[in-house]
Amino acid sequence: MSGRRGLTTDEVVDAAVALVEAEGAEALSLSRVARELGVKPPSLYNHVSGLDTLHRQIGLRAVVTIGDRLSQAAMGRAGRDALLAVAAEFRSFATAHPHLYEFSVQARPDDEEYDRASLRAVEPLLAVLRGYGFDEQETIHAARAIRSALHGFVALEMVGGFGLAVDIDRSFEWFVLRLAETFDPPGPPST
């Protein structure tokens, strides 16, 4: 192997993300990333202090990516339309990038940079929910409920947990519409 001049941390993370996307987290090792980059494993220590640091960097990349995608989905929308768009984009990201998605839901306590990046992934949903007029606590409760419900759906979908002969896309649409209805303001009282 010949050494590469000018290897950057971003290149190391890019190679790690590509490996995870192709083969899953269990395939990730420093020696494997080094091989993909055409360098010797010790060269990576100029950019990451170990496998845990690399996992953290992949997680940061994942939450920033999903945050950007959810922000784009919500942009120019409000209320139910925004909530449906965010939910659809959440599912789209999770099913298109299942291994990267796994990294986006891993908590890293006591890591302020990671906390800020994770908030970036949640902020589009919080902004949509604030539009419903919830106070800050209700907004957080609602965001947790929606994230839990969406995560549950996509987690079951990714492991083939929906075996009944009904279209999964239609089930998702039905599910998200019912979920969105719970946040709609109540109609006039019936007489």
Side-chain angles (χ1 to χ4, degrees), residues 8-18 20-22 25 55-109 111-158 162 167-187:
T8 67
T9 301
D10 280 340
E11 288 174 314
V12 172
V13 175
D14 290 345
V17 166
V20 164
E21 290 261 55
H55 276 254
R56 178 186 177 274
Q57 292 297 327
I58 295 167
L60 280 169
R61 177 80 56 89
V63 295
V64 166
T65 301
I66 197 167
D68 289 347
R69 289 181 61 163
L70 296 180
S71 291
Q72 281 294 111
M75 193 174 296
R77 294 181 167 94
R80 182 185 286 199
D81 184 41
L83 188 54
L84 296 175
V86 166
E89 189 56 41
F90 182 94
R91 178 182 180 224
S92 175
F93 176 82
T95 57
H97 306 280
H99 301 300
L100 192 56
Y101 173 74
E102 289 177 36
F103 281 87
S104 77
V105 294
Q106 295 176 0
R108 292 204 167 259
D111 185 334
E112 289 181 28
E113 180 185 12
Y114 197 88
D115 285 347
R116 282 190 306 275
S118 294
L119 181 59
R120 183 174 171 178
V122 176
E123 187 55 44
L125 180 57
L126 294 173
V128 168
L129 292 168
R130 285 184 195 110
Y132 281 91
F134 294 138
D135 67 29
E136 199 57 28
Q137 271 196 344
E138 287 176 310
T139 299
I140 292 169
H141 294 320
R144 286 176 175 166
I146 292 168
R147 287 183 63 217
S148 297
L150 291 173
H151 174 73
F153 191 99
V154 300
L156 284 169
E157 181 179 12
M158 288 190 293
F162 297 130
D167 183 70
I168 294 172
D169 293 334
R170 301 271 309 190
S171 291
F172 185 77
E173 290 170 17
W174 183 94
F175 156 70
V176 173
L177 281 171
R178 299 296 88 68
L179 190 60
E181 285 173 359
T182 66
F183 298 104
D184 287 343

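What's counted below: heavy atoms across the whole structure, side chains too, no hydrogens, waters or symmetry copies. Just so we're clear, the structure is a prediction, and the values are computed from it rather than from any experiment.
- Using bins of under 30°, 30° to 60° and over 60° for the plane-to-plane angle, the ring pair F134/F183 lands in the perpendicular bin.
- The main-chain N or O of R116 is never found under 3.5 Å from a side-chain atom of R120 such that the two would form a donor-acceptor pair.
- Expressed to the nearest 0.5 Å, how far OG of S118 lies from CG of D111 amounts to 8.5 Å.
- Counting only distance, with no hydrogens or angles, the side chain of S71 and the backbone of G67 share a donor-acceptor pair below 3.5 Å.
- Between the side chain of E138 and the backbone N or O of D135 there is at least one donor-acceptor pair closer than 3.5 Å.
- R61 is not listed as a side-chain neighbour of I66, based on a closest heavy-atom distance of 4.5 Å or more.
- The distance from the CD1 atom of I58 to the NE2 atom of H99 is 12.0 Å, given to the nearest 0.5 Å.
- Residue-environment remark: CZ (R170) stays at or below the threshold of 12 foreign heavy atoms within 6.0 Å.
- By the salt bridge (charged side-chain N to carboxylate O under 4.0 Å, His left out) test, D115 is found to be paired with no residue, residues two or more places apart in sequence or in another chain being considered.
- Taken to the nearest 0.5 Å, the CZ atom of R77 stands 10.0 Å off from the CD atom of Q72.
- R80 meets the salt bridge (charged side-chain N to carboxylate O under 4.0 Å, His left out) test with D184; sequence neighbours excluded.
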R178 and E173: CA distance, side-chain angles, deciding distance, salt bridge (Lys or Arg N to Asp or Glu O under 4.0 Å) verdict: CA-CA 9 Å; R178 299 296 88 68; E173 290 170 17; over 6 Å; no
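- Residues A117 and V63 come closest through the heavy atom pair CB-CG2, 3.6 Å.
- Counting all heavy atoms, side chain and backbone alike, E157 lies closest to F162 at N-CE1, 3.7 Å.
- For the pair W174/D167, no side-chain contact is recorded, criterion being any heavy-atom separation below 4.5 Å from C-beta on.
- The two residues V128 and G79 come nearest to each other via the heavy atoms CG1-O, 4.0 Å.
- The residues R56 and E113 are annotated as salt-bridged, a charged nitrogen and a carboxylate oxygen being separated by less than 4.0 angstrom.
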Can F172 and L150 be said to form a side-chain contact (heavy atoms from CB on, under 4.5 Å), step by step? CA-CA 9 Å; F172 185 77; L150 291 173; 4.0 Å; yes
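- Counting heavy atoms from C-beta on, the side chains of L83 and I146 come closer than 4.5 Å.
- The environment of E112 atom CD is sparse: at most 12 non-hydrogen atoms of other residues, nucleotides or ligands sit within 6.0 angstrom.
- Across all non-hydrogen atoms, the minimal contact from P98 to M158 is CB-SD, 3.4 Å.
- The minimum heavy-atom distance linking Y114 with R108 is given by the pair CD2-CB, 3.7 Å.
- A pairwise comparison of heavy atoms in A121 and L70 identifies O-CD1, 3.4 Å as the closest pair.
- Sorted by first then second residue, the ring pair (Phe, Tyr, Trp, His ring centres under 6.0 Å) pairs that include residues 70-93, not counting sequence neighbours, are F90-Y101, F93-H97.
- Below 30°, between 30° and 60°, or above 60°: for H55 and F103 the angle between ring planes is between 30° and 60°, a tilted geometry.
- Checked by atom type and distance alone, the side chain of E11 pairs as donor or acceptor with a backbone atom of T8 at under 3.5 Å.
- Heavy atoms from other residues, nucleotides or ligands lying under 6.0 Å from CZ of R130 number more than 12.
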